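Following: one structure in structure tokens, then a few remarks.
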Amino acid sequence: MSNGKPLTMGAYLELLKKEPNLIKTAHARIYDAVMKQGVKKVFAEYYGIDRTIQEIVNYFRASALGGELSRKFLFLLGPPGSAKSSLVRTLAWVINDEPIYFIDGCPVRDSPVYLLPRKQRLDLINSLGVYLPEGDICPVCRNRLRIVHNFNWNNFSVRLGHISIKASRGFASVDPTDPMSFDKAKLIGSVTLGEKEGDPEHFELDGAFCRANGGILEMVEIFKNPTEVLYPLLEATQSRTIESPAGRTEKLFIDVAIISHSNLAEWKKFSNEKRNEPFLDRLHLIEVPHNILLNEQIKIIEKISIAKPKSRLVEYHVCPLGLRTLSAFTASTRMKQSQIGVSNLQKVLVYSGNLNLAPDITAEKLMKEFSEDGDGWCGISNRDAAKILEMALAKQPLDRPICVDPPSIFQSIESFIDSNRGLTLVEKDLYRALLEEVRAWFGKEAGKDFSKLAEDCREECEEVYRKYLNAIQSIIDLKAIEDDFLKELVNNVEMMLKADTGGDKYQKRLNILSTASTFDLAPTFLKQGVYWHVNQTIIRPYVVKFLNEEEATDNETLQWYERIRSKLRLFGYCEICIRSVGNWLRLKPENYYPQFTN
């Protein structure tokens, strides 16, 4: 708890002149620790809640200055599994091992500055230019000052200690309790059994407030507690004091950053009761909704699940497209159904920047559609998403290499919906509809991945484009094209060419001949058409052979097999999920890219 020999009060006061920042409140200690390590580093493993994180940092920045906000406890509100308690623990570990000077022998680690008479203390604070709230030493130290040291504060010594989360020094957590088992000693400490109640020497200052002094007190699921638990919070925030264990004697000054959290249901019930207004006035609410961004959800599932093997003794592969699909489904369940004709998945893609709808349908407009309890306040939790992935892995056969591919993830989602007793029938029907939408989106995403095989076929693409230019030159010269293959080539390359009349198409072809004489100069829509044609006429037969696991009987086929493997491995596919996703596309031609259908 302490380092080296204790300092005299005189030596400590001299040290303060050199390092006045040694005097700081709990809020300032947390804020300084976060800024020292860097906000991005401290919250590096939190995704999709940047606004929440910034609001938390702003709260501690303002509270460190000693204003009215420092007299309010921080309250994090969000649905289950939205990282509320994780955020508290992150802040706690930020201040772990932070140095703190305290009165040697003080059970609550009071600041030595409080030993000074009030006027002398205020003069010191003003001369150093730092903030320290009004306070006093604990009853135990006051008793020692009177009896042992005859009111000579210079006889006290000072220790350098460190906040320790594991040892509950500067951090304490209070779990919900029921009225029948609640004991105030859990918060403020007790008096040794059989001893005189008013004698501070017999105080057991081991309550949560005392253990958290100088650091963080976490109130877990705060509104599940009886009101008796909450009353000390009013005094602790407003006057920075708590009742001493003796009850009818002196108060105990504490310096604690109180952070509480609760779910939406308990909050609504609590906030709607008139008698709870004093508590509402003393809290600073910050919302912690579920993440609703696709790429951020992928990172969350990767972090908390077995998306990446945690042991070298177990080898398996998780298809990135499967993980992306699970993340899309998870985020879709968190959307509140729009009234302007936008589906849940479309909202996710708009929020994530992956989809542009009509100019007047923006992410900002969708977010403002609901005044409260909108997107991010419903749906499945991150823990549920991790469970779905892990159950998909658990069902894989053990007699062959393991890959958690998209079809197995779809089966796991279906099982989750069917077996989850926490879902209503309406919610189950909604989730099944969302799954079908996500399944169709998955097919298009898979088709895009396989279509990118053509991007590596440079020579083939250039040859197709050269034939296309010759063909449209012939058309412009009024020469008929008799070759059906060449007609198909032109149609495929121009499939993205938007023209309502022949005249428009004629002019566009003239522009292509004059400005895009090589494949490199071709506009994007023409390149897409070329890739489409190469996939359809050149690559497709080899992909079908590969999916059928036909043996490569010649070098050309062998080379194509390797090109298919190497390209899709760049997207994270393994041999197993290349085949499972490819065969999925062949079986579902009505919804997806048709180039790999028989």
Side-chain angles (χ1 to χ4, degrees), residues 1-16 22-26 29 98-125 130 132-164 167-172 185 187-192 195-215 217 232 235-236 239-256:
M1 179 178 177
S2 59
N3 295 343
K5 296 181 179 179
L7 297 174
T8 64
M9 275 296 293
Y12 171 70
L13 294 177
E14 286 298 317
L15 180 62
L16 289 182
L22 292 177
I23 297 178
K24 60 179 66 176
T25 63
R29 183 170 290 111
E98 279 291 301
I100 181 170
Y101 283 89
F102 61 93
I103 301 171
D104 191 14
C106 177
V108 295
R109 301 172 307 282
D110 274 331
S111 170
V113 178
Y114 287 120
L115 283 168
L116 302 177
R118 186 173 185 274
K119 185 179 184 308
Q120 190 172 347
R121 180 172 71 245
L122 294 177
D123 290 342
L124 174 66
I125 295 303
V130 297
L132 189 70
E134 191 69 37
D136 202 348
I137 54 178
C138 74
V140 174
C141 291
R142 190 179 300 111
N143 202 45
R144 289 169 55 200
L145 179 64
R146 177 174 60 87
I147 297 176
V148 179
H149 299 299
N150 195 26
F151 296 101
N152 187 349
W153 53 266
N154 265 314
N155 290 339
F156 279 86
S157 56
V158 178
R159 285 277 184 184
L160 170 62
H162 293 83
I163 288 178
S164 172
S168 293
R169 291 193 304 268
F171 176 78
L187 297 177
I188 64 175
S190 59
V191 178
T192 304
E195 299 292 346
K196 185 178 179 181
E197 286 189 355
D199 186 355
E201 290 300 319
H202 302 299
F203 288 177
E204 297 289 342
L205 299 181
D206 55 359
F209 278 109
C210 303
R211 288 182 285 114
N213 198 33
L217 173 64
E235 187 178 6
S239 61
R240 297 188 175 93
T241 62
I242 59 172
E243 184 181 325
S244 75
R248 58 179 178 270
T249 59
E250 56 212 323
K251 295 290 185 178
L252 182 65
F253 283 85
I254 49 101
D255 174 30
V256 174

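Predicted model, so just to flag it, every value in this text is computed and none were measured.
- Under the 3.5 Å distance criterion, the side-chain polar atoms of R240 are left unmatched by any main-chain donor or acceptor of P133.
- Put simply, the side chain of D255 never gets that close to the backbone of G214: no donor and acceptor are under 3.5 Å apart.
- Qualifying side-chain contact (heavy atoms from CB on, under 4.5 Å) partners for S239, counting only residues two or more places apart in sequence or in other chains: E235, T241.
- Using modelled atom types, one side-chain atom of R109 and one backbone atom of R211 make a donor-acceptor pair closer than 3.5 Å.
- Annotation: side chain of W153 is in contact with side chain of P117 (closest heavy-atom distance under 4.5 Å).
- Between E98 and K24 there is no salt bridge, since none of the side-chain N atoms of the basic residue sits less than 4.0 Å from a carboxylate O of the acidic one.
- Using a 4.5 Å heavy-atom cutoff, the side chains of M9 and L115 are in contact.
- Within the 4.5 Å cutoff, the side chain of L252 has no heavy atoms near those of the E243 side chain.
- The two residues A236 and I254 make their nearest non-hydrogen contact at CB-CD1, 4.0 Å.
- Taking 4.5 Å as the limit, every side-chain heavy atom of D123 sits out of range of all side-chain heavy atoms of L116.
- Annotation: side-chain hydrogen bond (donor to acceptor under 3.5 Å, both in side chains) contacts involving residues 6-16, sequence neighbours excluded, comprise E14-K17.
- Among all heavy-atom pairs drawn from A185 and S190, the shortest one is CB-CB, 4.0 Å.
- With hydrogens and angles ignored, the 3.5 Å screen pairs no side-chain donor or acceptor of R159 with any backbone N or O of D104.
- Summarising the geometry of P139 relative to K251, their closest heavy-atom pair is CG-O, 4.5 Å, with the distance given to 0.1 Å.
- Across C138 and P107, no two heavy atoms sit closer than the pair SG-CD, 3.9 Å.
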